[in-house]
Amino acid sequence: MSGDAKPAVLVVEDERVVAWDLREMINGFGFDCYAIATSAQEALRAAETRRPDLVLMDIRLKGPVDGIETAKMLQEKYGGQLRIIFISAHSQSDMGPRAESVTGAVWLRKPIRAPMLRKTLAYVFPTSETAG
Amino acid sequence: MARADSLPPPPREPWAWIRKVLHHHLTAWVILVLSIGITALAWYISDRAQTKLLHERFVFRTTEVDTAIVQRMNHYELLLRGGVALFGASTEVTREEWKAYIEALNFAQQYPGIQGVGYSRLIPRQDLERHQQTIRAEGFPNYAIAPAGDRDEYHSIVYLEPFDARNQRAFGFDMHSEPTRRAAMDLARDTGGTSVSGVVTLKQETDQDVQKGFLMYLPVFSPDLPLNTVEERRKALRGFVYAAFRGKDLMGGIFGGRFTDLDYWIFDGETDDPRALLFQNHPEADLHAEHELSWLSRVDVAGRTWTVRFASTPTRLDQSRAQPLYIAFGGLLIDLLLFAIVGSLARTQERAVRMANAMTGELRRSLKEKDVLLQEVHHRVKNNLQVVSSLISLQLRKPENERARNALEECQGRVLAIALIHEKLCEVSDVAGLQFADYIRDLATSVANATETPASHVQLEFAMKPVVLDVDQAIPCGLILQELLSNVFKHAYPDHEGGTVTVELEEAGGVVTLAVQDDGVGFPTSFDPMTAPSLGLRLIRLLSEQLDAEVRTSSEHGARTAIRFPQRVRPSPGASPP
């Protein structure tokens with residue numbers, strides 16, 4: 001874990017360009033996007049190397065396990081205080097009751113633009129320094 | 001496109017329920033039970049009607065029997081009256097005259113059943129000897145009144161035709177010496193009319209075929225004596241014209257082989273006392289048995305009452321008893337045919353329904369697959385647009401000049417406006433059109449959030465009615481709105497003072513109106529959106545042309561831009577034709 005106070009963010013997104021864009025934006029907002037995962041397996045491995053404070057999670061992932069299941073697995077392992085932001089082309093209502101099984105999750109709909117992401121991060125981590 | 005699980009209902013048929021009922025697999029059984037019930041009822045009614053008819057026929061037959069007896073006995077009475085008249089016409093009737101009279105009547109052929117017609121003469125005691133000698137002198141040397149004995153008066157059968165061997169047995173017999181005959185003779189004498197005796201065994205009977213018999217008497221009086229009182233009639237009596245009947249022969253003559261479908265017993269007197277039985281048409285029939293059909297009637301025979309007991313069975317009266325049987329068997333045949341037809345209808349229908357269900361299921365599955373596929377396509381498009389947006393976003397991060405940065409941001413906004421259309425289409429799974437008010441709400445929020453201006457300073461308001469836009473109109477319309485809104489957020493409030501932006505949407509008479517109104521600084525003087533050179537405004541012009549839209553701007557309380565265009569309605573494949 002690095003010595004500075006920047007919250008550690010794990011991005012789980014199988015579209016590489018989108019993931020890169022997200023990392024740039026998140027880092028620009030004063031967070032530390034320390035890893036990008038494209039599947040549930042990669043996400044769990046990345047979380048093992050460094051425990052994230054926040055996960056940006058796409059619903060559709062590579063592999064058989066989707067984002068909601070991955071989020072649940074992460075929360076089981078690291079506790080309900082692990083914050084999850086779902087980023088999806090689907091709205092929350094499309095996912096039905098499954099989406100509600102993840103504690104304290106926030107939904108952000110694709111396509112994602114910087115101002116909206118900045119506001120969402122500020123909402124999830126109110127005390128963080130969010131100046132670009 | 002209609003959703004896969006809501007196929008249009010089949011066209012309404014007013015008699016569809018009949019078809020439905022006819023084709024149900026239980027219907028055949030219900031019809032079978034009902035029709036057998038109806039057949040049973042019809043058989044029952046027919047059987048009862050038949051039985052009633054047979055009862056009526058039975059009663060009618062009995063009256064026929066009664067009438068035949070009475071008529072025939074009336075004939076015999078007339079015949080005897082003719083004999084009496086013969087005596088009235090002449091002082092003395094000779095044996096030859098009597099014989100000629102009876103032969104002329106030819107009753108053996110006309111009225112079979114009569115044993116003989118005779119004359120019984122009254123002989124006072126003092127004339128007995130002279131009478132016997134007179135008859136003996138006529139050629140009957142053995143003539144004597146029987147039975148012998150000393151009596152006040154004697155009656156002797158002097159004439160009896162046909163004078164055959166059987167009848168000769170009665171020649172000279174004194175009927176008055178026997179109580180049953182005497183009663184009838186005295187009654188005839190006292191009343192001056194016809195009388196019939198009770199049951200007797202005739203003198204004519206031999207050892208063989210002994211039958212019960214009876215006699216009918218008419219008195220012959222002296223023509224020159226008064227007959228007003230019983231006493232006068234007794235004094236004036238000269239004898240009796242009489243007829244002797246053997247029961248079986250008589251009834252055989254009357255009925256002649258008719259009425260074999262009945263059993264009947266004829267009794268002398270008011271009751272069916274077996275001792276008074278005169279005749280019975282079927283000797284083997286049992287009077288005392290329990291009879292299905294039974295009747296008792298009384299007939300008047302020359303002042304004497306006879307009782308006739310009838311018995312029969314419906315089967316004997318109508319051996320075929322065909323009608324109820326025809327109804328029962330014919331009805332059952334029809335019932336089974338009906339059952340077979342309706343049953344096969346139901347089976348055919350079941351097969352058809354199974355096939356239709358299989359086909360509908362397949363159709364549903366393929367429609368669902370198509371829906372899923374379309375959603376997938378929209379999802380892919382949206383993902384790709386996200387990639388495009390991310391590419392632009394990444395480009396934005398390179399330190400370029402302000403103009404390039406603005407251009408890229410505008411570009412990204414346009415991409416997102418299109419992406420949002422696909423998102424909406426993704427949600428509704430109806431590719432024909434989308435609820436544009438929902439889209440506007442999301443797009444306006446997205447544009448507001450994308451602006452670096454603190455969003456709380458600008459209030460969004462909506463005055464919208466539900467309007468469904470075709471996807472071909474939704475995309476240019478969405479792009480126009482994107483330009484209008486980003487213009488408002490960029491230029492209307494240059495000093496970040498904030499305000500209210502109102503988006504209006506309505507449709508009336510096929511014309512859609514979309515307007516954006518702000519309360520900011522308004523358009524610059526000498527601003528003309530139709531000639532302004534900026535890319536955004538040129539886009540608005542071009543897209544308006546694509547929509548056949550008319551653009552109006554005004555700048556009274558802030559800026560207002562309104563576009564009006566005819567709504568294009570693409571016939572959706574699910575909808576019924578107009």
Side-chain angles (χ1 to χ4, degrees), chain A residues 11-31 33 36 38 56-62 66-68 85-96 99 106-124 126 130-132, chain B residues 375-399 405 408-429 438-439 441-456 458 482 486 489:
Chain A
V11 170
V12 187
E13 160 70 68
D14 63 342
E15 199 71 68
R16 292 289 182 168
V17 174
V18 177
W20 179 22
D21 182 28
L22 284 171
R23 173 185 232 165
E24 295 285 326
M25 284 194 275
I26 290 164
N27 287 340
F29 299 149
F31 291 76
C33 178
I36 287 175
T38 60
L56 258 73
M57 178 76 74
D58 191 13
I59 298 296
R60 286 198 183 197
L61 298 177
K62 272 206 276 186
D66 75 356
I68 292 177
I85 296 175
F86 284 118
I87 45 172
S88 174
H90 301 281
S91 64
Q92 185 178 2
S93 57
D94 284 347
M95 302 312 296
V106 174
W107 286 75
L108 201 54
R109 273 203 277 180
K110 284 185 181 177
I112 288 158
R113 301 182 77 176
M116 194 64 214
L117 180 59
R118 184 213 294 263
K119 283 173 194 165
T120 309
L121 289 174
Y123 166 74
V124 174
T130 54
Chain B
Q375 294 229 5
E376 180 63 29
V377 165
H378 282 298
H379 193 87
R380 279 310 333 154
V381 169
K382 210 157 51 141
N383 255 4
N384 290 344
L385 288 171
Q386 169 70 66
V387 173
V388 171
S389 171
S390 290
L391 285 171
I392 298 170
S393 175
L394 288 167
Q395 192 74 48
L396 273 168
R397 256 168 228 109
K398 300 294 167 193
R405 192 181 165 76
L408 283 172
E409 271 180 358
E410 279 173 19
C411 192
Q412 194 179 27
R414 286 161 197 148
V415 170
L416 292 176
I418 295 172
L420 198 54
I421 297 268
H422 286 279
E423 180 174 331
K424 287 287 154 201
L425 289 171
C426 221
E427 278 169 16
V428 295
S429 78
D438 289 351
Y439 171 78
R441 222 176 279 275
D442 283 6
L443 182 69
T445 312
S446 163
V447 172
N449 286 333
T451 314
E452 296 297 330
T453 314
S456 57
V458 177
Q482 154 78 22
S486 63
F489 281 102

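Reminder, nothing fancy here: chain letters follow the sequence lines and each chain counts from 1. Keep in mind that what you see is a predicted model, and the values were worked out from it rather than measured.
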Output the distance between atom CE (A:Met25) and atom OG (B:Ser390), rounded to the nearest 0.5 Å.
6.0 Å

Output the distance between atom CG (B:Leu416) and atom CE (A:Met116), rounded to the nearest 0.5 Å.
12.5 Å

Tell me, out of B:Asp442, B:Leu391, B:Val387, B:Val415, who's got the most heavy-atom pairs with chain A below 4.5 Å.
B:Val387

Cationic N near anionic O, under 4.0 Å, A:Glu15 to B:Lys382:
no

Could you tell me the separation between the CZ atom of A:Arg113 and the CG atom of B:Leu396, rounded to the nearest 0.5 Å?
9.5 Å

Tell me, for B:Ser446 versus chain A, whether the close heavy atoms (under 4.5 Å) come from the side chain, the backbone, both or neither.
both

Can you name the nearest heavy-atom pair linking A:Lys119 to B:Ala448, along with the distance?
NZ-O, 4.3 Å

What part of B:Leu394 lies closer than 4.5 angstrom to a heavy atom of chain A: side chain, backbone, both or neither?
both

At a 4.5 Å cut-off on heavy atoms, which part of A:Ile112 comes close to chain B: side chain, backbone, both, or neither?
both

What distance separates A:Asp21 CG from B:Gln395 CD, expressed to the nearest 0.5 Å?
11.5 Å

